[in-house]
Every structure is written in structure tokens, then in C-alpha cells.
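Structure first, then comments.
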Amino acid sequence: MLTLYGISNCDTVRKARKWLDAQNIVYQFHDFRKDGLSGEHIKRWIEQIGVEALVNKRGTTWRQLPSDKREAASLQDIETLLLECPTLIKRPLLEGHGLCHVGFSETTYTELTNGVCDE
């Protein structure tokens, strides 16, 4: 099963959900704010796509962080920061069937979900 992670009021997440629905692709939506995240989620994503791809440094949440938090040096610090502020994670994050991808574009989602069957 595919899982789409994000927050429900994010425009890009809404576009991804609308696209997945239009393609009749079965997925589960997991809202960072409502459903929470575990350290295992964060560790797995960092292993699969890396910190630079995972952390949204262009968003308001990042800009509002104190500089000492933005300069978190260790992996443990970054994991803790993402658990405390899950909106720092780039959205949407699509995971399942061996894939882990952040962001949304119709072209990329078409390539990623090629062969993903309705479940």
C-alpha cells in the first residue's frame, strides 16, 4: 500500500491526493499533525532519501527556527527536530512499493506509480 504523508492544508499535498484519486491509485493519507510521526519514520526516510532531500529549508517553519536549531550538527539533533516540528519535512512524501519520494509533479508521480495496482 502506498502512503502519502503531509498535512491536509498544504496545497501541494492536495494536488497529489487529487492526482492519486484521479488515477484510481489506492493509498493511505497520513497527516503529520493529526497522526504524528515516530523516530522510525524519520530514520527510514533519512536512510532512503537523505537529510537534504527530506528537510524543507525554504519554508516558513525553517525560517522561524532559532539559528541554533537550524545548525543542528548531529543526525540525532535533526531527527529530534523533525519529530518536534514535522512541518519541516518536505511535502508530500510518497512511500510504499519500494519507493520513497518527496514533492509532487504529475510527470514524476506517473513514472513512480507505473505498474502500481489498485489494492
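All residue numbers in this chain count up from 1 along the given sequence.
Nearest heavy atom pair, residue L83 against residue L37, reads CD2-O, 3.7 Å. Heavy atoms only, all atoms of each residue included: K34 and S8 are closest at NZ-OG, 3.8 Å. When every heavy atom of K90 is checked against every heavy atom of A53, the shortest pair comes out as CD-O, 3.0 Å. The shortest heavy-atom contact between R63 and R58 is NH1-O, 2.5 Å. Taking both residues in full, the closest heavy atoms of E84 and K69 are given as OE1-NZ, 3.2 Å, listed atom of the first, atom of the second, then distance.
Ring geometry for F32 against W45 counts as tilted: the plane angle lies between 30° and 60°, on a 0 to 90° scale.
The CH2 atom of W19 sits 3.5 Å away from atom OG1 of T113, with the distance rounded to the nearest 0.5 Å. Between atom NE2 of residue H101 and atom OG1 of residue T108 there is a gap of 5.0 Å, rounded to the nearest 0.5 Å. Atoms CE and CD1, on M1 and I25 in that order, are 12.0 Å from each other to the nearest 0.5 Å. Between the CD atom of E47 and the CD1 atom of I42 there is a distance of 12.0 Å, given to the nearest 0.5 Å. With rounding to the nearest 0.5 angstrom, the OH atom of Y109 is 5.0 Å from the CG atom of L4. A distance of 9.0 Å separates CD of E40 from CD of E79, quoted to the nearest 0.5 Å.
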| query | Is there a side chain to side chain contact (heavy atoms under 4.5 Å, CB included) between I89 and Y5 once you walk through the steps? | reply | CA-CA 9 Å; I89 297 170; Y5 294 87; over 6 Å; no
| message | side chain to side chain contact (heavy atoms under 4.5 Å, CB included) for L81 and V55? Distances and angles first, verdict last. | response | CA-CA 10 Å; L81 182 61; V55 178; over 6 Å; no
| message | side chain to side chain contact (heavy atoms under 4.5 Å, CB included) for W62 and L88? Distances and angles first, verdict last. | response | CA-CA 6 Å; W62 179 262; L88 287 170; 3.8 Å; yes
| Evaluation steps, side chain to side chain contact (heavy atoms under 4.5 Å, CB included), between F29 and D35 | CA-CA 10 Å; F29 178 64; D35 303 323; 5.7 Å; no
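Residues satisfying the salt bridge (Lys or Arg N to Asp or Glu O under 4.0 Å) criterion with K57, sequence neighbours excluded, are E52.
Looking at heavy atoms from C-beta onward, R14 lies in side-chain contact with N9 at the 4.5 angstrom threshold.
At a threshold of 4.0 Å, the pair K18-D21 does not count as salt-bridged, since none of the basic side-chain nitrogens sits closer than that to a carboxylate oxygen.
The one candidate from T3, V13, L54 that meets the side chain to side chain contact (heavy atoms under 4.5 Å, CB included) condition with L93 is L54. Of the listed residues (T61, N56, T60), just one forms a side chain to side chain contact (heavy atoms under 4.5 Å, CB included) with T87, and that residue is T61.
In this structure, R91 contributes its side chain and V102 its backbone to no donor-acceptor pair below 3.5 Å. A distance-only check finds a donor-acceptor pair linking the side chain of H30 to the backbone of G36 [under 3.5 Å]. Remark: the backbone N or O of T110 is not paired with any side-chain donor or acceptor of N114 at under 3.5 angstrom.
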